[in-house]
Amino acid sequence: MSRRKFIKNTVLGSIATSGFGITVKNPKNKELAVPRIISTWKHGVEANKISWQKLKNGEGGLTAVEYGVRDSENNPDERSVGYGGLPDREGKVTLDACIMNSNNDCGSVSFLENIKNPISVARLVMEKTPHVMISGKGAYDFAIKNGFKRENLLTEQSKKDWEDWLKKSEHKPVINIENHDTISMLLIDSDRNLFGACTTSGAAWKMHGRVGDSPIIGAGLFLDNDVGAAAATGLGEAVIRTAGSAMVVECMRNGMSPLDACKEVVHRISKLHRNRPEWEYLQVGFIALSKSGDYAGYSLKKGFNFALTDDQNDSILIDAKYRI
Ligand code: ASP
């Protein structure tokens with residue numbers, strides 16, 4: 001029997017109903033609830049609740065992940081996503097986002113300015129164009145043509161923080177601070193289909209034009225509906241160098257649990273960066289969700305957390321395990 005068929009058969013082997021979701025026993029007899037949603041950082045708690053409600057209302061997984069992460073994009077107090085995100089070194093807020101469904105359809109925007117909800121533009125790229133990724137002015141024009149409003153995304157607070165930063169102009173990311181980092185969300189629905197979304201204003205004080213891992217399918221986000229899904233947060237350059245999320249999914253395909261898969265890729269990143277100057281401030285974290293409903297979060301350094309929502313957990317925050 002092929003490995004894919006084996007996974008499908010064992011996963012679908014014993015299904016029992018439990019409230020809104022269904023519960024499946026994996027080969028180790030562990031009860032795995034679906035639907036299930038995980039997302040990065042504390043802002044994931046609220047985002048998950050919105051997504052969960054969307055599912056309960058009968059909306060699809062794609063709409064659920066889109067509207068969950070939009071909550072962070074819209075929140076001016078989230079300083080690393082959408083409106084209120086910290087700007088680049090020229091004081092411009094530039095956004096990256098991508099979205100993916102269970103058919104491997106995906107859409108992405110990068111280096112997008114003045115549009116509050118890049119995740120919804122990414123979804124339109126997926127649904128209305130023959131392309132996967134649109135960038136910069138092209139992405140902005142596409143958004144405006146499709147009814148998005150031009151908005152100033154630099155809040156007074158972000159402007160002030162940028163002016164303070166200008167005094168020293170030191171490019172040195174600060175890791176694990178509250179209100180920090182990308183929101184990446186992974187969702188498995190009750191039909192066991194996977195969905196993912198990822199959106200960010202990227203690294204604070206980046207060079208103008210810099211694009212991180214978050215809008216890159218395979219780096220910031222990847223899923224294979226036969227296997228599982230993964231998403232990243234942290235220093236985008238390190239995640240791109242290692243095709244991080246795609247590798248986590250590949251490790252799961254080769255039989256690893258979500259936790260072992262995340263550990264393996266963090267280990268590779270660690271090995272590759274130990275002698276690089278960014279090692280001092282390097283942080284990367286992954287979340288992963290398997291087809292069986294198993295999940296994990298794991299980071300290089302202490303401080304990463306992720307939100308979990310399912311039939312038994314009403315959006316809880318979990319401290320991820322870490323390497324060092
Ligand atoms: N991964 C994002 C980037 O490098 C930022 C983050 O998650 O902190 O743009």
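Here the structure is a predicted model, which is why all the values come from computation and not from measurement. Starting from 1, each residue takes its place in the sequence as its number.
One N or O on the side chain of Ser201 and one on the backbone of Ser80 form a donor-acceptor pair closer than 3.5 Å. Here the side chain of Asn117 pairs no donor or acceptor atom with the backbone of Ile119 at under 3.5 angstrom. The backbone N or O of Lys263 lies less than 3.5 Å from no partner atom in the side chain of Arg323, so there is not a single donor-acceptor pair. The backbone N or O of Ala219 sits less than 3.5 Å from a side-chain atom of Ser245, completing a donor-acceptor pair. Judged purely by atom type and a 3.5 angstrom limit, Thr182 has no side-chain atom pairing as donor or acceptor with the backbone of Ser184. Using a distance-only test at 3.5 Å, with no hydrogens or angles considered, a donor-acceptor pair links the side chain of Asn48 to the main chain of Ala307. Looking only at distances, no side-chain donor or acceptor of Asn193 sits under 3.5 Å from a matching main-chain atom of Ile188. Between the side chain of Asp88 and the main chain of Glu90, a donor-acceptor pair closer than 3.5 Å is present. In terms of modelled atom types and a separation under 3.5 Å, the side chain of Asn146 and the main chain of Phe142 share a donor-acceptor contact. With hydrogens and angles ignored, the 3.5 Å screen pairs no side-chain donor or acceptor of Ser214 with any backbone N or O of Thr199.
A salt bridge is absent between Glu237 and Arg241; no separation between the charged side-chain nitrogens and carboxylate oxygens falls under 4.0 Å. Salt bridge Asp161/Arg79: present, at least one basic N to carboxylate O contact under 4.0 Å. Glu163 and Lys159 are joined by a salt bridge, as a carboxylate oxygen and a charged side-chain nitrogen come within less than 4.0 angstrom of each other. Here Lys137 pairs with Asp141 in a salt bridge; the nearest charged N to carboxylate O distance falls below 4.0 Å. Salt-bridge check for Glu66 with Lys54: failed, with every basic side-chain N at 4.0 Å or more from each acidic carboxylate O.
In the hydrophobic clustering of this structure, Leu153 does not group with Tyr140; members are Ile, Leu, Val, Met, Phe, Trp, Tyr whose side-chain heavy atoms approach within less than 4.5 Å, directly or through other members. Both Leu221 and Met252 sit in one connected hydrophobic cluster of ILVMFWY residues. Membership requires side-chain heavy atoms under 4.5 Å apart, directly or through other members.
A 4.5 Å side-chain heavy-atom check between Arg89 and His208 finds every atom pair outside the cut-off. A 4.5 Å side-chain heavy-atom check between Gln283 and Leu235 finds every atom pair outside the cut-off.
Of all non-hydrogen atoms in Ile240 and Val211, the two that sit nearest each other are CD1-O, 4.2 Å.
Put simply, CD on Glu250 and CE on Met256 are 11.0 Å apart, with the number rounded to the nearest 0.5 Å.
Summarising the local packing, OH of Tyr83 is surrounded by 12 or fewer heavy atoms from other residues, nucleotides or ligands at distances under 6.0 Å. The 12-atom threshold is exceeded at NZ of Lys49, counting heavy atoms of other residues, nucleotides or ligands nearer than 6.0 Å.
Cation-pi contact between Lys206 and Trp165: absent, since separation from the ring centre below 6.0 Å together with deviation from the ring axis within 45° is not met.
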